[in-house]
Amino acid sequence: MTLDGLLERHGGWLESGPEEGPVISSRVRLARNLSDTTFPGWASKEVRDRVWNEVVQAFDSMETDTEFLRWRMDELKTLERELLFERHLISAELAERKSGSGLFVSEDECRAVMVNEEDHIRLQSLQPGLNLQKALDGAEALDDDLEKTLTYAFSSKLGYLTACPSNVGTGMRASVMLHLPGLCLTEEIKPVINAVSKIGLAVRGMWGEGSEAAGHMFQISNQITLGKTEVEIISHLDQIVLEVIEHEKNARLRLMESQQIRVHDHIGRAYGILAHAAMMNSNEALDLLSGLRLGIDLGLMPEIARRDIDQLLIRIQPAHLQKAAGSMLSPEERDIKRAQLIRLFLDGSPDNGNGH
Amino acid sequence: MKCDLCDKEAVVHLTQVVNGEMKEVHLCEEHAKEQGIDIHSPISITDILMGLGEAKQGIEHQLSPSCPRCGMAREEFRRSGRLGCPDCYNTFMAELAVAIKAMHHSSQHVGKIPAREGLQTRIKSQIARFQKELDAAIAREDYEKAAEIRDRISEVRTQAEEQEGGDA
Ligand SMILES: [Zn+2]
Ligand SMILES: [Zn+2]
């Protein structure tokens, strides 16, 4: 299976799910390490290669119907590694690593295992919408399968031992990706983020560090991994996310009650620019698509499906555009391709740069 | 106030702002000594929290300088905040215990256990989880529930002892 196949499909985690308006997806990540083995960041090339081989063996002896695609990072071109990063299948850190580092991913992209990132194994399970329990079930099932072959580093006191003490214990990070345009437009997002941060959860922009609010997308995750059970951690996160969703829904209601014209204008302008612009950079596209996504949630754009927008959010990223074009593109060329892709989606006319 | 690492009364109380966050550490005399803290002279918490400063001279040669399994030096661990191998947890426990407690407000795992772990580990973890439930029940003054949990803990303990006797 090549990476080209990946490009044509959309991940199973972009299907429909609970609370899918404000919530994009739920993710559970487990960090695991092999016992008696140096952690990847401190290990020799030989040790890293041995770990890769052990994980390959674990997958090969697994009795499961799910097929896992696999790539070693050193077999992939820079662009291909960026593509996997843009699809949330690998971290930026793994993309940088070479010897012994690699990825296993289920065909629906709902489950993935990074090998030799900061830890020997970083296993992730994604679900559409707000569904942390299902994401946890998926992660634990795969964890159990791997553990039939692999012996993990574990202490009865500190739990799963990880390269960084901030992950020790369950080794679990659970996170929810949220689309919060209502709270952003009413300028109530800051106090909500502050409140969430104060109770021990981490909030960050979905599109990397430097782009805090691009597309009004945020990720909320747990920070504490020791002293609580996995279920306690996800139910706490779940409860807080539901509260945030409630605030988001109220903000949208208030916007529609008191500023209906402004909301219509915001969404209409987003549509207008997306449908007619000839050049568009990533951040502008994210912000405008966020407006469109809000329009869909509010029932103003019955002809567009939400998951198509979510798919577009993935496909307008630089590596995706370049992979689709089959060549490297300058930033300006990317801005042109990006605008074209969006126009093609909205009205089916790829070369119509000046409107209908 | 109890020691962060055991149930004894804390005699050393440290507070300092680390990365804009106020951290507090409370230690009993024994654990303070174990951390190389002379309770009669002032010390900064940054000396204890990993990676944030040089430890006092004197502690240095009591603690092994590097991990016997992977060779990571104590200095390297302090600089990076990352461990070299699972054994590093034992090697650098002096710094780690305090840092882990500060990060997670806990020092006992109660979550998932690998199926390959032995029965003793499962029992230990089960008791730890019950203990947590017990504390919660007592905190909300649900003494009926607390008594129930206490019974279950002693049941599990008895089972564990029988098991241990059987193994010997
Ligand atoms: Zn103590
Ligand atoms: Zn070590």
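So you know, we letter chains A, B, ... as the sequences are listed, proteins then strands, and number each from 1. Basis for what follows: all heavy atoms, side chains included, without hydrogens, waters or symmetry-related copies.
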Residues that A139(A) engages under side-chain contact (heavy atoms from CB on, under 4.5 Å), provided they are two or more places apart: V28(A), L30(A), L123(A), S125(A)
L150(A), part contacting chain B, at a heavy-atom distance under 4.5 Å: backbone
Sort out for me which of T37(A), N33(A), L34(A) touches chain B most, counting heavy-atom pairs under 4.5 Å. T37(A)
Which residues in residues 105-113 of chain B have a heavy atom less than 4.5 Å from any heavy atom of chain A? H105(B), S106(B), S107(B), Q108(B), H109(B), V110(B), G111(B), K112(B), I113(B)
Determine, stepwise, if the pair V168(A) / H104(B) fulfils side chain to side chain contact (heavy atoms under 4.5 Å, CB included). CA-CA 9 Å; V168(A) 83; H104(B) 300 288; 4.1 Å; yes
Taking every heavy atom of P165(A) against every heavy atom of L83(B), the minimum-distance pair comes out as CD-CD1, 4.1 Å
Residue, of Q223(A), E118(A), M172(A), that accumulates the most heavy atom pairs under 4.5 Å with chain B: E118(A)
At a 4.5 Å cut-off on heavy atoms, which part of E232(A) comes close to chain B: side chain, backbone, both, or neither? side chain
Which residue out of P40(A), S166(A), A153(A), G200(A) racks up the most heavy-atom pairs below 4.5 Å with chain B? S166(A)
Greatest number of non-hydrogen atom pairs under 4.5 angstrom with chain B, of G41(A), A163(A), G159(A), falls to A163(A)
Among V231(A), V47(A), I233(A), T149(A), single out the residue with the greatest number of heavy-atom pairs under 4.5 Å to chain B. T149(A)
Partner chain B: residue of D143(A), T170(A), L161(A), D144(A) with the largest heavy-atom pair count (under 4.5 Å): L161(A)
Donor-acceptor pair, R129(B) side chain versus K228(A) backbone, under 3.5 Å? no
Taking the side chain as every heavy atom from C-beta outward, state whether Y89(B) and S155(A) have any pair of such atoms under 4.5 Å apart. no
Which bit of R69(B) comes within less than 4.5 Å of chain A, counting heavy atoms only: side chain, backbone, both or neither? side chain
Heavy-atom count check: over 12 atoms from other residues, nucleotides or ligands less than 6.0 Å from F68(A) CZ? yes
For a 4.5 angstrom cut-off between non-hydrogen side-chain atoms, does M93(B) reach L158(A)? yes
Return the minimal non-hydrogen interatomic distance between M103(B) and I224(A), and the atom names on each side. O-CG1, 3.8 Å
The criterion is side-chain contact (heavy atoms from CB on, under 4.5 Å); which residues satisfy it with S101(A), sequence neighbours excluded? R48(A), M73(A), L94(A), R97(A), N116(A)
Restricting to non-hydrogen atoms, name the atom on F39(A) and the atom on P86(B) that form the minimum distance, rounded to 0.1 Å. CZ-N, 3.5 Å
Would you please go through residues 134-145 of chain B and name the residues with a non-hydrogen atom below 4.5 Å from one of chain A, in numerical order? none
Value for CH2 (W42(A)) from OG (S80(B)), rounded to nearest 0.5 Å, stands at 7.5 Å
